[in-house]
**Student:** 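First the structure, then my questions, so here it is.
Only a predicted model underlies this, so the values are computations on that prediction, with no experimental measurement involved. Below, chain A is the first sequence line, B the second, and so on; all start at residue 1.
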Amino acid sequence: MLAADLLVAQNIGFGLIALLMIVGALRVVTVNNVVHAALWLVVVLSGAAAQYLLLSAEFVAITQVLVYVGAVMVLFLFGTMLTRAKIGAEADLNNKNWAIGVPVALLMLGVMTWVLIDGFGDEKLPNPDQQVPVQALSDDIFGPYLLPFWALSFVLLVAVIGAIVLARKD
Amino acid sequence: MLASESALSVGWFLDHAWVIPIIPAVGFALIILFGRRLPMKGSEIGVLSMVSSLVLALGAAYQWIQRVDGASGEVAHGLVKSAEGHSAPYVGPIIHEWTWWQSGGFEFGIGQHIDGLALTLLVVVAFISTLVQIYSLEYLRGDRRYTHFFAALTLFSAGMLCMVLAPNMVQLILGWEIMGLCSFMLIGHWWEDQANARAALKAFFTVRVGDMGLLVGTGALFFGANQWTQEHLGVSGFNISGLSAWAMSGEASKSLLLWAAVALFIACIGKSGQFPLHTWLPDAMAGPTPVSSLLHSSTMVVAGVFLVARLYPVFWEGMKIGDTNINFIVLIGGITIVIAALLAFVQHDIKKVLAYSTVSQLGYMMMGLGAGAWLPAVFHIFTHAFFKACLFLAAGSVSHSGSHHSFDMKKDMGGLAKKMPITATTWIISTLALAGVFPLAGFFSKDEIIDNVGHNGYQAFMIVGLSGAFLTAAYMTRATYLTFFGEARGAAAGEHHDEHAAHDDHDAHADHGAHGAHDDHDSHASHGPHESPKLITVPLMILASLALVAGLANATPFGSNWERFKKYVEPSSEYVAVEAAVAHGPGEALSPVVVTAEEAEGEAKSGCSYEAPGAGEACYFPAVSHAEFKWSKAALSLIIVAAGLVSSWLFCVQYYTRRNRRLVGLTSRNAVLRGGYTFLWNKYYLDALYEKVIVRAVAHPIAAAAYWFNQNVLDGIVNGAAKISRRTAGWVYRNIDQRVVDGAVNGSGAAARGTGGALRPVQSGKVNQYGALLFAAAAIGALVLVIINT
Amino acid sequence: MLTVQFLLLGAVLFCIGVYGVLARKNAVMVLMSIELILNSVNLNLLAFSQRLDSIDGNTFALYVIAIAAAEVGVGLAMVLLIYRNRRSISLDELSDMKG
């Protein structure tokens, strides 16, 4: 493997962000404070957006920041506020049989790691010479994948109405 | 051959057959939107749209006949001796397909696929729908949801016509599901009654179990065939003619074809009420009688049969029908014939007798298809539709005017022949047609099925078919006798005033104003049973006269000139050059390149489905062989039918009228007969199995259901056995028997309870635990797959 | 860069998300864990989009984001409803399905 192929800068960037994301994700599922967990989730999601940039998916990265880090997180914080008066550390956020989760997650991780390394080994990604053009993306959405787009619009509409119906006080 | 191309006429009706389902679809929208404000509450739109569909369908059928005739030229197809080989030109289907929607490079089409089979069904569906709608004008007069009823009926017709026309599996599924929805709405038409609502749900869910097979099978076929069809024919893997050609090409994976065929057949089992999913169909009789007549006897339930007939090459290759080994289809069909016919004997409800009869007849069609008797099976769809619709409508007429809305043959009928001569005559004609008496419609189709099943090497199933014919004759005689002959009982004897209160309590019709003009009705019902009004009897007479003559459409006994159905409906099994197909779409400009000899009886089989087509050629239909009609074979089945009719009649006279001491109460005196009767009365405990065991195992702890199963089913069987042995052996033997058997029963009960108890903690009700199980199972499953594949 | 590094990162995130779904008691936290899972899927989609030089992965990543937004909306509405009815959003107490 030639050093020139390795794109050192990107790899270092990837490693740092990946580390940050993994730590953040672990914090999300372990901290004893809902608001802190939400903030750690912001870290993970922003990291994901950065990884998307590395994968030359500019538009998706921006959408990720706008939708996830912006809107979804606000929604989470609202949900926390509306359901719990107390915003602070809480002792028992984990349920009693959390111990089952560890072996299950580790088992899945083991299987996936094995398959991925076995399947892709040290295959290199093509160099991201340019970001995905937004125009091509829109052609794809409004061309061959128009039907899923319609379905998606419908789902969003239903979700909006459903959320109102569910959460309405009557 | 190009000369004959020009002779292939494509008329306006054939070219625009896709309009046929659109008319009722539009009619449905109009009824829903404006029906209530119209003078006849929307029913006029329903009838009108069905009549126009019928006219278009008949026009298309006429032009199809012209097309086939034009193609044959002087050589009439039927005149050719089967052994000599014939040169009937290939008359392709008329296929139009437009892009309906596309996604990710896959196109989904909508359009029409018109050939003999599609046209047969189109005409039958449009015709019966028209008659049933006219009948319903009177039968449901004053109903609370009159408009809703006609809307659903019209939508159903649109769905069925859409399915019959379908050029691809997507449209077929669309029509199939519309029918399922309408079936649900119509069975539950009087949903205020718990039983009706439950029957509707049961029908919906049972059919849905099968529908999963349709989706799985369609998906499997698509992914198997898409590449081949795109390459060779330029159509997608959903296209029905493309799938047929692919299945016959010899390049398709055998195991894929087998599993796809099995999956699709499971859908057919659900829709066409085959064993073991037939249980929904008798319960579906909770719907209004016109619905039973249209959906649950003559049209919707043959959708499964139609699917097998439509994708016949897939089933032919997948199930290896060409071999004479027992296959899945013929087995299920055979079981269904006998099982349903036996159940028809213990029913008190006249509509349930007919429902089981329908299940049994559908079994005949399936058995025919499974044994390579394609044409007789399709012909049986055609004839069966007329006489079974007639029987149901006659039953409705009896309850409407004869038995005060009761369907109970034993309580409220009897001796109605004199009071309702038209209903009785049409009923008896249809009964004889159903039983297969020469020369009525059923004889020509049912006998052909039995004959061809034997001819194709399925001798065992020929015997099943013959015993089914005996049973059919017998149970229909029983129903006829109980309804129209003997002494009048209950409401038929004019006792309805005493029973009126009771009826109001339990009878759905009375409750929901099925006859809203109730006072009016009572006033004339008080004169006792009488003949139904014209709107009811005229459809009956039309259907009965068709039951008389429809068989002549393919009257094999009268020589090949009479085999019109064979000439116009059966697809030709020729090798077809596919270049033309790619250029124009199949059916547009096809010419057969090889003329195959139709093999005579006993000769080596050759032709499509036995030899793979060469390069640049395709087969669209397997070369099925036809049995030669022999009076000796027909005589046997006629004797069997006659025996069934006569013995059953004599039995009924002795049993129901003379109250012969030796016969009455036989089932309660003889343990074996009682066991059999109980077993039948409980419908082989299938309902109990489904509802009490399977449903409960999901909803309740497994232990309770398993324990129940032990208590009710096993105990019942075991106790029955114990009682018989008690009679035959002394008390010593009985003691041992009791101890052993009881021990076994208690042991299995305890074992089941133990298993349930062990599994109980799993059902903790905690989402996290369920999730843990789910993910762990997924991980282990993935691990197993990985290990297998490395 | 290697294909596998993105896929492995996705796998790690996915498993952490699964652990969160299994171990957390608070319904809001479970929803957050589900977001982790969805993001790991997106990472895979985009990695394969890059690897196969196809734009479809980007399209579907966008669809997943939109679906996730809808899911969070409905999910939180349900949590709110449960809270209003039971004064608690602990999943341990929601065991009506217990057999």
Side-chain angles (χ1 to χ4, degrees), chain A residues 7 10-11 14 18 22 25-26 28-29 34 37 41 44-45 48 51-52 55-57 60 63-64 67 71-72 75-76 79-80 82-83 93-95 98 100-102 104-105 108-109 112-113 116-117 120 122-126 128 132 136-137 140-141 145 148 152 155-156 159 162-163 166-167, chain C residues 1-9 11-26 28-29 31-33 35-36 39 42-43 46-47 49-51 53 55-56 58-59 61-63 65-74 76-81 83-84 89-92:
Chain A
L7 301 166
Q10 269 115 328
N11 269 318
F14 171 84
I22 292 171
L26 283 173
V28 169
V29 296
V34 182
L41 190 58
V44 181
L45 297 177
Q51 299 288 20
Y52 298 165
L55 286 167
S56 70
V60 182
T63 317
Q64 167 93 357
V67 175
V72 172
L75 218 63
F76 268 121
T80 315
L82 287 172
T83 50
L93 271 176
N94 285 347
N95 63 26
W98 63 273
I100 306 173
V102 178
V104 170
M108 297 194 80
L109 186 62
M112 282 196 280
T113 312
L116 289 176
I117 292 179
F120 295 96
D122 42 320
E123 184 195 278
K124 273 173 291 192
L125 275 179
V132 169
L137 207 52
D140 210 30
I141 291 177
Y145 295 109
L152 191 62
V155 167
L156 276 175
L166 284 177
Chain C
M1 287 187 290
L2 305 175
T3 312
V4 77
Q5 66 193 46
F6 286 98
L7 301 183
L8 278 179
L9 176 61
V12 171
L13 283 184
F14 183 86
C15 293
I16 294 174
V18 166
Y19 168 77
V21 170
L22 301 187
R24 289 305 209 177
K25 199 159 112 181
N26 186 313
V28 176
M29 303 291 264
L31 281 177
M32 288 188 198
S33 307
E35 294 307 310
L36 282 180
N39 265 276
N42 264 356
L43 212 50
L46 291 171
S49 182
Q50 174 86 335
R51 175 170 177 271
D53 195 23
I55 207 165
D56 292 354
N58 280 266
T59 312
L62 284 174
Y63 288 166
I65 291 176
I67 285 288
E71 171 251 322
V72 170
V74 175
L76 283 175
M78 281 164 64
V79 170
L80 218 62
L81 195 67
Y83 178 75
R84 210 179 290 147
I89 52 170
S90 164
L91 289 179
D92 279 7

**Student:** Who wins among A:Val104, A:Ile141, A:Ile117 for the most heavy-atom pairs under 4.5 Å with chain C?
**Tutor:** A:Ile141
**Student:** Taking every heavy-atom pair that is under 4.5 Å apart, which of C:Val28, C:Val18, C:Asp53, C:Thr59 has the most such pairs with chain A?
**Tutor:** C:Thr59
**Student:** Given a strict heavy-atom distance threshold of 4.5 Å, which part of C:Gln5 is in contact with chain A: side chain, backbone, both, or neither?
**Tutor:** both
**Student:** Check the pair C:Met32, C:Arg24 against side chain to side chain contact (heavy atoms under 4.5 Å, CB included), reporting the backbone distance first and the verdict last.
**Tutor:** CA-CA 10 Å; C:Met32 288 188 198; C:Arg24 289 305 209 177; over 6 Å; no
**Student:** Pick one of side chain, backbone, both or neither for A:Val102, based on which atoms fall under 4.5 Å of a heavy atom in chain C.
**Tutor:** both
**Student:** Side chain, backbone, both or neither: which part of A:Met112 has a non-hydrogen atom closer than 4.5 Å to chain C?
**Tutor:** side chain
**Student:** Please state whether the side chain, the backbone, both or neither of A:Leu26 comes within less than 4.5 Å of a heavy atom of chain C.
**Tutor:** both
**Student:** Within the structure provided, determine whether C:Val4 and A:Asp122 are in side-chain contact (heavy-atom separation under 4.5 Å).
**Tutor:** no
**Student:** Below 4.5 Å from any heavy atom of chain A, which atoms of C:Leu7 appear? Answer side chain, backbone, both or neither.
**Tutor:** both
**Student:** Examine whether an atom of A:Leu152 lies under 4.5 Å from a heavy atom of chain C, and if so say whether it belongs to the side chain, the backbone or both; otherwise answer neither.
**Tutor:** side chain
**Student:** Identify which part of A:Ala37 has an atom lying under 4.5 Å from any heavy atom of chain C, answering side chain, backbone, both or neither.
**Tutor:** both
**Student:** Out of A:Gly162, A:Ala105, A:Ala136, return the one with the most heavy atom pairs under 4.5 angstrom to chain C.
**Tutor:** A:Ala105
**Student:** For chain A, which of C:Ile55, C:Val74, C:Leu31 has the most heavy-atom pairs under 4.5 Å?
**Tutor:** C:Ile55
**Student:** Count the heavy-atom pairs under 4.5 Å between each of C:Ile16, C:Leu76, C:Leu36, C:Leu80 and chain A, then report the option with the highest count.
**Tutor:** C:Ile16
